[in-house]
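To keep things clear, I will list the structure first and then write my remarks on it.
The analysis underlying the following values was restricted to heavy atoms, covering all of them including side chains, and did not include hydrogens, waters or symmetry mates.
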Amino acid sequence: MTYTGQCHCGNVKFEVEMNIETLVACNCSICKRKGHLLAFAPESNFKLLSGEASLKDYQFGKKSIHHYFCSNCGVGCFGAGTSPDGSKSRAINVRCLDDVDFTKFPVHNFDGASL
């Protein structure tokens with residue numbers, strides 16, 4: 001299914017094709033503070049529609065994940081990294097998807113704090 005999403009102010013808009021079956025709640029130091037609920041898609045299924053100039057990239061720790069956020073409103077809609085199989089992927093903050101009720105999906109708790 002193709003979803004659209006955006007940050008709070010609307011500067012950053014994107015679309016992504018993915019099947020959402022479960023959401024991931026990570027307890028790493030950034031995800032737990034931001035309250036992200038994540039679903040994952042291959043990089044090739046992601047398209048930034050607008051707002052590239054508004055995006056800022058934050059990295060920490062091993063610097064293997066790009067945590068993008070809107071420099072205007074501060075909302076982090078997605079991140080970029082590498083899946084365990086070596087392919088490039090996007091972590092989509094499902095709370096930023098248009099017309100998606102994130103409460104309808106089961107949540108898997110992931111222990112990112114121990115990595």
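- Put simply, the side chain of Gln6 reaches to within 4.5 Å of the side chain of Asp98, judged on heavy atoms.
- Scanning both residues, Asp85 and Ser87, for their nearest heavy atoms gives OD1-OG, 2.7 Å.
- Here the closest heavy-atom approach between residue Leu23 and residue Ala39 is recorded as CD2-CB, 4.3 Å.
- Heavy atoms only, all atoms of each residue included: Lys32 and Asn27 are closest at CD-O, 3.8 Å.
- Ala80 approaches Glu43 most closely through the heavy-atom pair CB-OE1, 4.5 Å.
- Listed by first and then second residue, the ring-ring contact (aromatic ring centres under 6.0 Å, His included) pairs that reach into residues 71-114 are Phe14-Phe78, Phe46-Phe78, Tyr68-Phe78, sequence neighbours excluded.
- Leu55 and Ile92 fall within the same hydrophobic cluster, defined by Ile, Leu, Val, Met, Phe, Trp and Tyr side-chain heavy atoms under 4.5 Å apart, directly or through other members.
- Residues Asn72 and Ser54 bring no donor and acceptor atom of their side chains to less than 3.5 Å of each other.
- In this structure, His8 NE2 and Cys96 SG are separated by 10.5 Å, a value rounded to the nearest 0.5 Å.
- For the residue pair Phe69 and Gly74, the shortest heavy atom distance occurs at CB-O, 3.9 Å.
- The side-chain heavy atoms of Ile65 and Ile30, taken from C-beta on, include no pair separated by under 4.5 Å.
- Side chain of Arg90 to backbone of Val16: no donor-acceptor contact under 3.5 angstrom is found.
- The shortest distance between side-chain heavy atoms of Met18 and Asn45 does not fall below 4.5 Å.
- Placement of Met1 and Val24 in two distinct hydrophobic clusters is found when ILVMFWY residues are connected by side-chain heavy-atom separations under 4.5 Å, directly or transitively.
- Glu17 is linked by a salt bridge (charged side-chain N to carboxylate O under 4.0 Å, His left out) to nothing, counting only residues two or more places apart in sequence or in another chain.
- Using a 4.5 Å heavy-atom cutoff, the side chains of His36 and Arg95 are not in contact.
- The minimum heavy-atom distance between Cys26 and Cys31, with the atom names listed, is O-CB, 3.4 Å.
- Tyr3 is not listed as a side-chain neighbour of Val94, based on a closest heavy-atom distance of 4.5 Å or more.
- Under a cut-off of 6.0 angstrom, the local environment of CG in Asp99 is sparse, with at most 12 non-hydrogen atoms contributed by other residues, nucleotides or ligands.
- Remark: Lys13 NZ is loosely packed, at most 12 non-hydrogen atoms of other residues, nucleotides or ligands lying under 6.0 Å away.
- Annotation: side chain of Leu97 is in contact with side chain of Ile20 (closest heavy-atom distance under 4.5 Å).
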